[in-house]
Amino acid sequence: MTTLATTGRVQVLGAPGDRHEEVLTPEALDFIARLDAAFTARRFDLLTERRRRSALLRGGTPLDFSRATKPIRSDPDWRVARPAPGLTDRRVEITGPPQRSMAVNALNSGAQVWMADFEDATSPTWENIVRGQLTLVDAIDRRIDFTTTSGKEYRLTDRPATIMVRPRGWHLTEKHLVIDERPVPAALVDFGLYFFHCARRQIDAGSGPYFYLPKLENRYEARLWNDVFLLAQDLLDIPRGTIRATVLIETITAAFEMEEILYELREHSAGLNAGRWDYLFSLIKNFAHRPDFVLPDRATVTMTAPFLRAYTELLVRTCHKRGAHAIGGMAAQIPGGGPEAQEAALAKVRLDKEREAEDGFDGSWVAHPGLVPVCRSVFDEVLGGRPHQLERTRDDVHVTAEELVAVRRTAGRPTPEGVRDNIAVTLRYYDAWLNGQGAVALNGLMEDAATAEIARVQIWQWLKHRTVDRSTVERVFEEELATLGATYPWARLDQVRDLFERTALAKELPAFFTTEAYARHLVGRPAVQA
């Protein structure tokens, strides 16, 4: 890496790119430096606490609702902020990386919200990160129209979706931006650049700076984000409460603190989302050492499993009790593959969205524009002319701590097909991610990092408890690696091998493959765009 610019104590590392100077201004970098100075030490302490609590769970400490915060849960009077402009009706939300063509398609899709994802759907090459910020500026300024070299036109419609941004999680750093030779927390980079450049733009456009917050594990991490919001608004002279943020409940520990998380963010809260694939990953990861938490093939663990039903029903009840939107999980199907295959895919999506709408969710996620109509039609049928169903408080729902972790009631054992699928998907996703792609079409689904995380921790868990034989896993691994190389001659097989061995076959289970892959293989590499 070479030094691109220095502003005060801030160094931007990496090769210069087209229009990078529009994002990496001295003022924007100084803004990030001020956020870093205020919050990096707290972030470090919270990550230390994550590791401590993870060790306790591995040792058998049970999860339960906190006695210390019972007064918050028992207080019937507090509510979150009223919905901000553009966030009252959220019946369909589409997600994807802030890549120019995908952004235009998402904004034009007919969904109410587009979540621009710097996290699981983005491989964090420096070019991807800076280019993503430029995409957002151009979209807000309506300068995003373009024509490809093949003549295909991308033009923004008059009524695009409301933009929400998902920054990277607290556990990640941005090694292309350093202060005193220390990388800046990636969450502050993604949030800071967008907020600095786009908050005023969004307010002037009648919207606002809206966010999705990933991977939170407890109320203290939500409090940290709330304090980031307060300082950021003060620094730019923006009224407090202008920011809105939806928290993804995608860790098992956060599921026990949903009300507390809403409480910490209440003046900035836009509700909660059922980040179900990362939630499943978190549950497996935290209890992977325990034989009573071994799950069967991931394809068979559906949202009708009792422990997942408990999680989603508790989420709806919690949100509506506090006047907050409850947003459902991802539908990742890619329409196509012939009439019968497409009909089957859409039928599966419809069934999933019908369950969510009937349970009380106010909207849901899709990964492809082709799924917007079916998701919209389902919620239209339930909502009618209403923008949401916050009045459904779900007082009939009573979820216990035991029900949230009742995994042993999920019957079944891993099959040879499930083992092979997990290995194949992990290897293919790793290769794509290392080549700069975070949203990848695999087996008719638009997958992101959460899929690879679930797949690789299941392999580790099955090996740990000898549910599958190690020699079988190693044989299938070699076969699928060879298939990857034969299918994609440019595949980075040595790096994929190294990454899989470190994250799925090692003695200890790494918390995230992304931290391992970023540090060893990705820093300083330019993106390879599809």
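What you see is a predicted model, and the numbers here were worked out from it, not measured in a lab.
- The salt bridge (Lys or Arg N to Asp or Glu O under 4.0 Å) contacts involving residues 422-444 comprise nothing, where partners must be two or more places apart or lie in separate chains.
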Worksheet entry | Worked check of side chain to side chain contact (heavy atoms under 4.5 Å, CB included) between W433 and L522 | CA-CA 9 Å; W433 195 90; L522 199 65; 3.6 Å; yes
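- Considering CZ of R470 and CG of L463, their distance stands at 5.5 Å, rounded to 0.5 Å.
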Practice prompt. Evaluate side chain to side chain contact (heavy atoms under 4.5 Å, CB included) for T304 paired with L308, printing each intermediate quantity in order.
Written response: CA-CA 7 Å; T304 60; L308 292 175; over 6 Å; no
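- Between T514 and R168, every side-chain heavy-atom pair lies at or beyond the 4.5 Å cut-off.
- Here the side chain of H368 pairs a donor or acceptor atom with the backbone of G370 at under 3.5 angstrom.
- The distance from the CE atom of M303 to the CG atom of L280 is 8.5 Å, given to the nearest 0.5 Å.
- A side-chain hydrogen bond (donor to acceptor under 3.5 Å, both in side chains) with Q458 holds for exactly one of T426, D297, N422; it is N422.
- The shortest side-chain heavy-atom distance between K152 and S101 does not fall under the 4.5 Å cut-off.
- If you take CD1 on I423 and CG on L484, they are separated by 13.0 Å, rounding to the nearest 0.5 Å.
- Between the side chain of T312 and the main chain of R309, a donor-acceptor pair closer than 3.5 Å is present.
- Side-chain atoms of Y429 and E453 include no donor-acceptor pair closer than 3.5 Å.
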Item to complete: Take R355 and D352, measure what salt bridge (charged side-chain N to carboxylate O under 4.0 Å, His left out) needs, and give me the verdict at the end.
Response: CA-CA 5 Å; R355 174 188 53 77; D352 180 55; 2.6 Å; yes
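- With rounding to the nearest 0.5 Å, the separation of NZ in K215 from CZ in F281 is 7.5 Å.
- Taking the side chain as every heavy atom from C-beta outward, I284 and W460 never approach each other to under 4.5 Å.
- In this pair, Y430 and F513 present their aromatic rings tilted. The plane angle is within the 30 to 60° band.
- In this structure a side-chain-to-backbone donor-acceptor pair under 3.5 Å is present from R131 to D18.
- Closest non-hydrogen pair, L216 versus E221, comes out as CA-OE1, 3.4 Å.
- Taking the six-membered ring for Trp and the full ring otherwise, F118 and Y194 have centroids separated by 6.0 Å or more.
- Between E257 and R219 a salt bridge is recorded (basic side-chain N to carboxylate O distance below 4.0 Å).
- Heavy atoms from other residues, nucleotides or ligands lying under 6.0 Å from CZ of F146 number more than 12.
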Item to complete: Check step by step if side chain to side chain contact (heavy atoms under 4.5 Å, CB included) holds for I179 and V184.
Response: CA-CA 7 Å; I179 297 176; V184 176; 3.8 Å; yes
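- Side chains of E474 and E478 form no contact here, defined as non-hydrogen atoms less than 4.5 Å apart.
- Scanning both residues, A139 and L107, for their nearest heavy atoms gives CB-CD1, 3.9 Å.
- Contact annotation: the side chain of F307 approaches that of L283 to within less than 4.5 Å [non-hydrogen atoms, C-beta and beyond].
- In this structure, R53 CZ and T61 OG1 are separated by 9.5 Å, a value rounded to the nearest 0.5 Å.
- Looking at every heavy atom in both residues, E174 comes nearest to P183 through O-CB, 3.6 Å.
- Around CG of D292, the count of heavy atoms belonging to other residues, nucleotides or ligands within 6.0 Å exceeds 12.
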Practice prompt. Please lay out, stage by stage, how D469 and R475 fare under the test salt bridge (charged side-chain N to carboxylate O under 4.0 Å, His left out).
Written response: CA-CA 10 Å; D469 185 71; R475 173 180 57 80; over 6 Å; no
Practice prompt. Please assess E417 against R420 for the test salt bridge (charged side-chain N to carboxylate O under 4.0 Å, His left out), listing each intermediate value before the final yes or no.
Written response: CA-CA 5 Å; E417 294 78 15; R420 183 173 293 277; over 6 Å; no
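- In this structure, R497 CZ and L499 CG are separated by 12.5 Å, a value rounded to the nearest 0.5 Å.
- Between the Y518 side chain and the K175 main chain, a donor and an acceptor come within less than 3.5 Å of each other.
- E516 and T503 form no side-chain donor-acceptor contact under 3.5 Å, judged by distance and modelled atom types alone.
- Between the side chains of S123 and T125, no donor-acceptor pair is found at a separation under 3.5 Å.
- Of all the heavy atoms in I459 and F500, the pair that sits closest is CG2-CZ, 4.4 Å.
- For Y220, the OH atom counts as loosely surrounded, since its 6.0 Å shell holds 12 or fewer non-hydrogen atoms of other residues, nucleotides or ligands.
- One N or O on the side chain of S364 and one on the backbone of G329 form a donor-acceptor pair closer than 3.5 Å.
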Discussion item. Side chain to side chain contact (heavy atoms under 4.5 Å, CB included), that's the test. Do W170 and L188 meet it? Break it down for me.
Written reply: CA-CA 9 Å; W170 284 126; L188 296 182; 4.0 Å; yes
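- Closest approach of I94 to S109, counting heavy atoms only: CG2-OG, 3.8 Å.
- Counting only heavy atoms from C-beta outward, the side chains of L509 and Q461 never approach each other to under 4.5 Å.
- A donor-acceptor contact closer than 3.5 angstrom is absent between the side chains of N273 and T246.
- No side-chain heavy atom of V130 sits less than 4.5 Å from a side-chain heavy atom of H176.
- Looking only at distances, a side-chain donor or acceptor of R276 sits under 3.5 Å from a matching main-chain atom of M330.
- For the residue pair R51 and S54, no side-chain donor N or O sits within less than 3.5 Å of a side-chain acceptor on the partner.
- Aromatic rings from W225 and F211 are positioned such that their centres are separated by 6.0 Å or more.
- Closest non-hydrogen pair, T135 versus P98, comes out as OG1-O, 3.2 Å.
- For the pair K353 and F361, the cation-pi test (distance below 6.0 Å, angle within 45°) is failed.
- In this structure, T95 contributes its side chain and M115 its backbone to no donor-acceptor pair below 3.5 Å.
- Side-chain atoms of Q133 come within 3.5 Å of backbone atoms of D190 as a donor-acceptor pair (strictly under, hydrogens ignored).
- Taking 4.5 Å as the limit, some side-chain heavy atom of R298 sits within range of a side-chain heavy atom of D421.
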